[in-house]
There are 2 protein chains.
Amino acid sequence: MARTDEKVRNLPAGKRASYTPETAAQGVQNVIRVLEGRWKLVILFQLFGGQVRRFSELERAIPGVSQKMLIQQLRQLEADGVVARIVHHQVPPKVEYHLTEWGQALCPALDALLIWAEAAPSDLRSRLIQATPCD
Amino acid sequence: MARTDEKVRNLPAGKRASYTPETAAQGVQNVIRVLEGRWKLVILFQLFGGQVRRFSELERAIPGVSQKMLIQQLRQLEADGVVARIVHHQVPPKVEYHLTEWGQALCPALDALLIWAEAAPSDLRSRLIQATPCD
DNA sequence: CGGTATCCGGAATGATACTG
DNA sequence: CAGTATCATTCCGGATACCG
């Protein structure tokens, strides 16, 4: 499924839903609102690939995050239907998080953003692509 | 160029640059940082398709924006290499803005986000897709 | 373990006035 | 016309303490 090919000639409109510049901007802003937040993407990438993690695992996997922020961002992602929450009623409590099917589908879209970043002119790349340890 | 096809099985890694969950999250965050800001996407969609607009045109085309915010967001987009600025030295002053080639290339990536939004489960779509007048 | 409640500082945004 | 400068406000994230 090559969605963005020759048929899109420069505007992400004209197909499917038909956007005006205003509605398209709004649409993307809504998506960004779902994704923005200091820790959301980090959480997402911890969960991609069908992984299931409990709260404390995420807390340990994400250095620097506070409980407040972690739960806040998780709850927002949950409210937005990206992340699902499973409560195991037991002592000690156990709560697990994983991506919804729709959340998983974010991957190609984020990938498109990374591809765009990689295409940055060389004088700008330093701000977008960090020297990965595996360079 | 179908970039995100069967080869990406769920992680946006494994090809090209090879990302870890951490670097991928960072990469996407950097892109979002470029795009976030109350007015940036609105500006972008005013400029997509090779359009050239002067300052006052953008000001009129974007209801609610203040001069301060408009110039601030334009300058940031310019610094990020997404927008280019042309100053015509004349009286009265005339300054025009348009997308760089790289800025234009954002279109398919944003399109991918819109496609994702359109795939939202029906109970969530209302928050992502606004009832377009053209529905 | 997996949260909630409260307080605080800084950044992002907005309103308004002024200028080359 | 295309900005700058200043001030007020709102919002986000962090620190800390407490709870079922």
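Note on naming: letters A, B, ... go to the chains in the order of the sequence lines (proteins, then strands), and numbering restarts at 1 for each one.
- Regarding contacts with the backbone of D:dA2, a side-chain N or O of B:Arg54 is found under 4.0 angstrom from either OP1 or OP2.
- Between B:Ser66 and C:dT13 there is no side-chain N or O to OP1 or OP2 distance below 4.0 Å.
- Interatomic distance, B:Phe55 CZ to B:Gln67 CD, rounded to the nearest 0.5 Å: 5.0 Å.
- At C:dC1, none of the side-chain N or O atoms of A:Arg60 fall inside 4.0 Å of OP1 or OP2 (strictly under the cut-off).
- The nearest whole Å value for the distance from the CZ atom in A:Phe55 to the C1' atom in D:dG20 is 15 Å.
- Nucleotide C:dG2 holds its P atom 9 Å from the CD atom of A:Glu96, rounded to whole Å.
- At least one side-chain nitrogen or oxygen of A:Arg75 sits closer than 4.0 Å to the OP1 or OP2 atom of C:dG3.
- In the set C:dT13, D:dG13, C:dG2, the nucleotide with an atom closest to the side chain of B:Gln73 is C:dT13.
- Note: B:Trp116 and A:Trp102 have parallel aromatic rings, judged against thresholds of 30 and 60 degrees for the angle between ring planes.
- As rounded to whole Å, 11 Å separates atom C1' of D:dA2 from atom CG of B:Leu74.
- Distances shown here put every side-chain N or O of A:Tyr97 at or beyond 4.0 Å from the OP1 or OP2 atom of C:dG2.
- Side-chain proximity of B:Met69 to D:dG13, C:dT13, C:dG3: nearest is C:dT13.
- Of the side-chain N and O atoms in A:Arg53, none sit less than 4.0 angstrom from OP1 or OP2 of C:dG2.
- Taking atom CD1 on B:Ile71 and atom C1' on C:dT16, their separation rounds to 18 Å, with Å as the unit.
- Side-chain N/O atoms of A:Gln67 include none lying less than 4.0 angstrom from OP1 or OP2 on D:dA15.
- For B:Glu78 and D:dA2, the CD to P distance is 14 Å, given to the nearest whole Å.
- Counting non-hydrogen atoms under 4.0 angstrom, B:Gln76 reaches nothing in the nucleic acid.
- Distance A:Glu57 CD to C:dC1 P: 12 Å, rounded to the nearest Å.
- In this structure, the nucleotide among C:dT13, D:dA2, C:dG2 sitting nearest to the side chain of B:Ser56 is D:dA2.
- Atoms CD (B:Gln72) and P (D:dA5) sit 13 Å apart, rounded to a whole Å.
- Between the side chain of B:Lys68 and the base of D:dG3, no donor-acceptor pair of N or O atoms lies under 3.5 Å.
- Contact annotation: the side chain of B:Tyr97 never approaches that of B:Arg54 to less than 4.5 Å [non-hydrogen atoms, C-beta and beyond].
- Phosphate contact (OP1/OP2 of C:dG14, side-chain N/O of B:Trp39, threshold under 4.0 Å): present.
- Contacts between residues 86-94 of chain A and DNA chain C, counted as heavy-atom distances below 4.0 Å, involve A:Pro92, A:Pro93, A:Lys94.
- Straight-line distance from the CD atom of A:Glu36 to the P atom of D:dC11: 14 Å, rounded to whole Å.
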